[in-house]
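In this chain, residues are counted from 1 in sequence order. All heavy atoms count here, side chains included; hydrogens, waters and symmetry mates do not.
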Amino acid sequence: MSKDHRRTTIVDVGRHAGVSSKTVSRVFNGEPHVTEDVKRRVRAAAEALNYHPNMFARGLVQRRSHLIGLVYENPSPSYVVDLQMGVLHRLRDEQYQLVVIPVASVAEREGEVVGLLRSAALDGVVLAPPASDNLRILEDLAAARIQCARIAPTRLVEAAPSNLLDDVTAAREVAAHLIDLGHRDIAIIKGDPTHASAEARLIGYSQAFHAAGLSIRLDRIESGMFTHESGYAAAVRLLGQTDRPTAILAQNDDMAVGALIAAREAGLTVPGDLSIAGFDDSEVSRIAWPAITTVRQPVFEMAVAAADMVIAQLEGGTVEMRREHRHELVIRQSTGPVPKR
């Protein structure tokens with residue numbers, strides 16, 4: 001028996017939903033004056049018939065691609081997943097699709113980023129750190145008339161719609177937690193220096209130290225790159241010192257887990273011999289053993305809000321220029337009282 005391989009059209013969808021093909025077109029084009037009941041029926045009919053609008057044809061008619069990009073550099077898999085899932089959550093049931101654009105080094109390729117976005121014919125873009133802090137990229141986007149929204153910028157907050165997190169205060173709180181536990185010899189593993197958050201978090205640590213009458217020892221600061229491997233290497237150097245520290249502040253969770261592994265290899269227990277704290281509250285911090293004390297930054301929620309800001313600009317709606325997001329100190333099993341020596 002032969003099967004009907006004819007492609008489903010908006011006529012079929014309209015017939016199934018009990019509306020005209022013109023109404024179906026209006027629903028998928030996001031045109032006004034269509035009731036929610038009609039939208040629901042049309043979308044249900046499209047799903048039942050496995051119908052998917054031709055994005056390319058729609059773009060030719062509207063002179064839009066209906067593509068929104070996400071530019072990121074952070075190598076942490078958990079962080080990237082939260083970014084993507086947040087944007088996708090906001091785009092659900094919208095006419096826009098997500099294009100993921102990883103950049104190996106924003107600092108080295110800042111002059112190429114917007115050209116890449118233009119070649120992809122994007123209507124708008126969500127910028128994650130460090131692209132969200134890059135003045136060259138912001139200027140090039142404005143010149144190209146590509147709408148954007150930013151996640152966790154620390155500079156030029158008014159330059160574009162921004163979702164803000166107080167990295168300084170968050171870092172101060174996690175450092176104060178270790179100090180309150182009695183730690184006075186605390187080491188720091190910094191993140192990628194091209195990320196403004198690395199400096200902001202170091203300022204927060206410094207404020208907590210200063211409030212407790214402590215000084216940060218330069219030989220207790222090691223550089224990392226926000227990767228597990230760099231955190232491990234930095235911790236090996238720190239724990240190899242004759243007078244090793246009693247605690248480590250890592251500027252993200254991947255580096256904290258790297259430090260945890262280095263501690264185990266050195267025959268140390270966590271938190272019995274060494275306390276370790278991270279930053280982000282990514283999945284790896286929750287599944288590590290012991291689970292990592294960290295700062296939760298709502299990456300998913302910030303990505304949702306950034307996508308919402310881009311859509312508002314494209315649809316001519318009211319654009320929120322800045323939105324404050326709250327962090328949370330999450331105390332788990334990787335931190336404890338200073339060990340007695």
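The pair E139-R136 does not meet the salt-bridge criterion, since no charged nitrogen lies less than 4.0 angstrom from a carboxylate oxygen. Using a 4.0 Å cut-off between a side-chain N of Lys or Arg and a carboxylate O of Asp or Glu, R217 and D243 qualify as a salt bridge. Here D281 pairs with R286 in a salt bridge; the nearest charged N to carboxylate O distance falls below 4.0 Å. For the pair D185 and R220, the salt-bridge criterion is met [side-chain N within less than 4.0 Å of a carboxylate O]. Classification of E301 and R90 as a salt-bridged pair fails, no side-chain N sitting under 4.0 Å from a carboxylate O.
Taking the ring axis of Y205 as reference, the NZ or CZ atom of R172 does not stay both within 45° of it and closer than 6.0 Å to the ring centre.
Residues L91 and I68 form a side-chain contact, since some pair of their non-hydrogen atoms from C-beta on lies under 4.5 Å apart. Side-chain atoms of E315 and Y96, non-hydrogen and from C-beta on, do get closer than 4.5 Å to each other. For the pair E73/D192, a side-chain contact is recorded, criterion being any heavy-atom separation below 4.5 Å from C-beta on. Within the 4.5 Å cutoff, side-chain heavy atoms of L117 are placed close to those of I101.
The backbone N or O of R150 lies less than 3.5 Å from no partner atom in the side chain of S132, so there is not a single donor-acceptor pair. Not one N or O on the side chain of Q333 forms a donor-acceptor pair closer than 3.5 Å with the backbone of P290. Put simply, the side chain of R237 never gets that close to the backbone of E222: no donor and acceptor are under 3.5 Å apart.
Between the side chains of H183 and S275, at least one donor N or O lies within less than 3.5 Å of an accepting N or O. Counted by atom type alone, H66 and Q95 present one or more donor-acceptor pairs between their side chains at under 3.5 Å. Between the side chains of S230 and T227, at least one donor N or O lies within less than 3.5 Å of an accepting N or O. For the residue pair D253/T294, the side-chain donor-acceptor check at 3.5 Å is satisfied. No side-chain N or O of H177 forms a donor-acceptor pair with one of T293 less than 3.5 Å apart.
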Only distances under 3.5 Å count here; give the side-chain donor-acceptor pairs of residues 152-159 to other protein atoms, sequence neighbours excluded, each with its distance to 0.1 Å.
from: T154; atom 1: OG1; to: D133; atom 2: OD2; distance (Å): 3.3
from: E158; atom 1: OE2; to: R322; atom 2: NH1; distance (Å): 2.8

Show, in sequence, the C-alpha distance, side-chain angles and deciding distance for T269 and L274, and conclude whether the side-chain contact (heavy atoms from CB on, under 4.5 Å) test is met.
CA-CA 6 Å; T269 62; L274 177 74; over 6 Å; no
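The aromatic rings of H89 and F300 lie tilted to each other, with the angle between the two planes from 30° to 60°.
Think of M309 as one node in a network of Ile, Leu, Val, Met, Phe, Trp and Tyr side chains linked at under 4.5 Å; it has no links at all.
For H210, there are no ring pair (Phe, Tyr, Trp, His ring centres under 6.0 Å) partners two or more places apart in sequence or in a different chain.
For R296, the CZ atom counts as densely surrounded, since its 6.0 Å shell holds more than 12 non-hydrogen atoms of other residues, nucleotides or ligands.
Results of the side chain to side chain contact (heavy atoms under 4.5 Å, CB included) test with M302 over L83, N163, D82 single out N163 as the only residue that passes.
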